[in-house]
Amino acid sequence: MKKKINQYLIGVSAFAIALTLIFTTCIFWRVELEQGMESLRETTRLLASLEGAGQPESLAAYVEAWEERGEGLRVTLIAQDGNVLYDSEADAAGMDNHADRPEVEEAIRSGTGEGMRYSSTIGASTIYCAMRMDSGSVLRTSMTTDGVLHAFLQLIPLAIVMIAVLVALASVLSMVLTRRFIAPIREMALDPLRKETPETYRELKPLMEMISSQQKEVLAAAGMRQEFTANVSHELKTPLTAISGYAELIETGIAPEKDVMRFAQEIHQNADRLLKLINDIIRLSELDMGAAEQDREERVDLHAIAKGCVESLQVNARNYDVTISENGECAQLTAYRQQMEELVYNLCDNAIRYNVKGGSVSVSVEPIHQGEAACVCLTVRDTGIGIPNEHLGRIFERFYRVDKSRSKQTGGTGLGLAIVKHIVAQAGGTIRIRSTVGKGTTITVLLPEERGSRLENGNGA
C-alpha cells in the first residue's frame, strides 16, 4: 500500500511538472514570437526610413551591411503590382508575383501588414512584417521561426535539471507524506482495542473514525460469535447428557422396569428439544447469511396469517391453561410468507410459554400510516409474568433468558426472539416492547407495506 501511494504521488507530481512545462513552453514560444515580430517592425521602419530604400541597388547595399552585423534577416522589395524587385536570399527574377501574399495585401491596403506561414522559397516557417513606402512599393522583412526554436532549445538543459530536481523533491515529499498518512492506520491495525483515534490529518479524521467504528463492530461480532458458540455448546450438551444418561440406565438394566417408560419419555422430550434447538440454530444462521427464501416475495395478508397461527396454537395454549385470541382487519404487505409465519408464531408461542395459568394472549393486526409511509402493525399482548426493565434491552439476544429455569421447563430454545429480530430487520421494520412485571408484556411490530422501504427509528426495545 505504501509503495502504491508513493508511486501515485510521484506520478501525480511528474504529471503536474510535465503539464507545467508544456504550458511554460507555449507561453515562452508565444513571447519569443512576439519579440521576433517586434524586432521585425523596428527593422522594417528603420530600413524604410533610409534614403534610397525604395531602390533595389541601395537596399542591397544596406542589407549587405546589415548582414555583416549578423542580424540574419531576409529583406524583400515588392512593386505595387506584386512583382519582386529585390530579395536578399533569392533571385528576384525567378520569384512568383507577391500581390496575393496576405501581409503584402494588408500593407498596400492599410500601410502595414504582418503574418506567419510556411515559406516555399526558403523551406521554413517564417514570420513577416511589411510596410508600404511613399513610392507605393512594399518593403518586407522576415525571419524564420528557427531562431525562436534555437533560443528555446538553449533552455532545455536547464529545464531537464529543474525537472530532475522537482521529481526528486516530489519523491522525498511523497515518502514523508505517505509515512505520515499510513502511521495512524498502522497504529489502529496494531492496537484495534485503543479507545482514542490516533492524531492524523483533519481530512482523514472521518475515515479514521469509520475504520475505528468498523473495528469495534468486527470485535463485537467476533465476541458475539464466540459467545454464541459457547452457548450452543452448552445448550446442546444439556439434552445430550440427559439422553445419554437415561439410555445408559436402560441399556445396563439398572433402571427399574417401572421407570423405563418414564426414562424413554424423558429421552423423547430431550430429543425433541435438541431437534428444535438445531432447527432454530440453522434458521438463525440462514437469516444471518441473508439466505434467499425458497418462495418469492408476494403480497400476503398478515391478518390471515395471524388468524391461522392463533388457530394452530389453540391446543398448545390450552396445555398451558392460557386463552389466545385474534382481531383486526385485512393488512397486506409485500414479504416472504414463511418469514411472516415464523414472526407471528414465535411471538405468540413466546407469549403462551411465559404466561401464567388462567392468562390470556391477544393478537391484533391492522394497516396504519407512520408519517407518509404505509405500514402494517402487529401487536401481541399477554398477561404473563412480565420482564424487568433491566432485561428489556437484551431479550432479543441469542440464548438470553430472563428466567433460565422457566425457559427450560417450557421447552424454549432461547432463539425465538432473536429470529424475530432478524426477520423484522430484513423486512425494514421496527420492534417496540413494553412490559410490567406481574402484569404482562406488549410487543408491537411495524412492517412497511412495500418491501425495500425502511421505517424510521430502527429496531428497539
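Since this is a predicted model, take the numbers as computed values, not measurements. If you read the sequence from its start, that first residue is 1, and numbering goes on from there. Any value given below was found using the heavy atoms of this structure, including those in side chains, with hydrogens, waters and symmetry copies removed.
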Nearest 0.5 Å, please: how far is OG in Ser49 from CE in Met131? 9.0 Å
Could you go through Leu313 and Tyr345, starting from their C-alpha distance and side-chain angles, then the distance that decides it, and tell me whether this counts as side-chain contact (heavy atoms from CB on, under 4.5 Å)? CA-CA 8 Å; Leu313 286 172; Tyr345 179 87; 3.5 Å; yes
Please evaluate residues Thr444 and Leu378 with respect to the criterion side-chain contact (heavy atoms from CB on, under 4.5 Å), reporting the C-alpha separation (whole Å), side-chain torsions for both, the decisive distance (0.1 Å), and the verdict. CA-CA 6 Å; Thr444 303; Leu378 166 67; over 6 Å; no
With a 4.5 Å heavy-atom cut-off, do Arg117 and Tyr128 have their side chains touching? yes
Just checking, is any N or O donor in the side chain of Thr44 or Thr141 under 3.5 Å from an acceptor N or O on the other one? yes
Please lay out, stage by stage, how Val380 and Val361 fare under the test side-chain contact (heavy atoms from CB on, under 4.5 Å). CA-CA 7 Å; Val380 178; Val361 176; 4.1 Å; yes
Does Glu342 come within less than 4.0 Å of Arg337, counting only side-chain N to carboxylate O? no
For the residue pair Cys129 and Leu40, what are the closest heavy atoms and their distance? CB-CB, 3.8 Å
Correct closest heavy-atom pair for Ala306 and Val363 would be CB-CG1, 4.1 Å
Any donor-acceptor pair under 3.5 Å from Ser39 side chain to Gln35 backbone: no
Just checking Met116: does its CE atom have more than 12 heavy atoms from other residues, nucleotides or ligands closer to it than 6.0 angstrom? no
I need the single residue from Thr441, Asn389, Thr442 that forms a side chain to side chain donor-acceptor pair (under 3.5 Å) with Ser435. Which is it? Thr441
Under a 3.5 Å distance rule, please check whether Asp301 uses its side chain to pair with a backbone N or O of Cys330 as donor and acceptor. no
Take Glu106 and Arg109 through the test salt bridge (Lys or Arg N to Asp or Glu O under 4.0 Å) and record every step on the way to the result. CA-CA 5 Å; Glu106 187 179 353; Arg109 183 174 63 253; 5.2 Å; no
Are any side-chain N or O atoms of Ser58 and backbone N or O atoms of Gln55, one a donor and one an acceptor, separated by less than 3.5 Å? no
Quick one: closest heavy-atom pair of Gly428 and Pro448, and the distance? O-CD, 3.7 Å
Do you see a donor-acceptor pair shorter than 3.5 Å between the side chains of Arg299 and Thr334? yes
Is there a donor-acceptor contact under 3.5 Å from the side chain of Arg381 to the main chain of Ser362? no
What's the verdict on side-chain contact (heavy atoms from CB on, under 4.5 Å) for Glu105 and Arg101, showing C-alpha distance, side-chain angles and the deciding distance? CA-CA 6 Å; Glu105 289 182 344; Arg101 302 297 194 270; over 6 Å; no
Just verifying a value: how many Å separate Leu446 CG and Thr430 OG1, rounded to the nearest 0.5 Å? 4.0 Å
Has the side chain of Asp87 got a donor or acceptor atom that lies under 3.5 Å from a matching backbone atom of Arg74? no
Are His303 and Glu326 linked by a side-chain donor-acceptor pair shorter than 3.5 Å? yes
Will you find, in the side chains of Gln426 and Gln339, an N or O donor that is under 3.5 Å from an N or O acceptor? yes
Take a 6.0 Å sphere around CG of Asp134 and say whether it holds more than 12 heavy atoms from other residues, nucleotides or ligands. no
Looking only at non-hydrogen atoms, find the nearest pair between Gly36 and Ile127 and report the distance. C-CD1, 3.9 Å
For a quick test of reading the model, state the closest non-hydrogen atom pair linking Gly416 to Asn346 and the distance between them. O-ND2, 3.7 Å
Do the side chains of Thr43 and Leu73 get nearer than 4.5 Å, heavy atoms only? yes
Under a 4.5 Å cut-off applied to non-hydrogen side-chain atoms, are Val84 and Thr76 in contact? yes
Do Thr379 and Ile443 have side chains that approach each other closer than 4.5 Å (heavy atoms only, starting at C-beta)? no
Nearest 0.5 angstrom please: Phe396 CZ to Ile431 CD1, how far? 4.0 Å
Would you compute the distance between atom CE of Met340 and atom CD1 of Ile423 and round it to the nearest 0.5 angstrom? 6.5 Å
Rounding to 0.5 Å, atoms CE (Met37) and OG (Ser142) come to a distance of 10.0 Å
Using a 4.5 Å cut-off on heavy atoms from C-beta on, say whether the side chain of Leu333 contacts that of Leu302. yes
May I ask you to test the Leu343-Leu447 pair for a side-chain heavy-atom distance under 4.5 Å? yes
Basic-acidic side-chain contact under 4.0 Å: Glu42, Arg45: yes
For Gln332, does the CD atom have more than 12 heavy-atom neighbours from other residues, nucleotides or ligands under 6.0 Å away? yes
Can Asn327 and Ser364 be counted as having a side-chain donor-acceptor contact under 3.5 angstrom? no
Backbone of Ala79 reached by a side-chain donor or acceptor of Ser137 within 3.5 Å: no
Taking the side chain as every heavy atom from C-beta outward, state whether Val445 and Cys377 have any atom pair closer than 4.5 Å. no
Would you indicate whether the side-chain heavy atoms of Cys375 and Glu449 approach each other to under 4.5 Å? no
At what distance, to the nearest 0.5 angstrom, does CE of Met95 lie from CD of Glu89? 9.5 Å
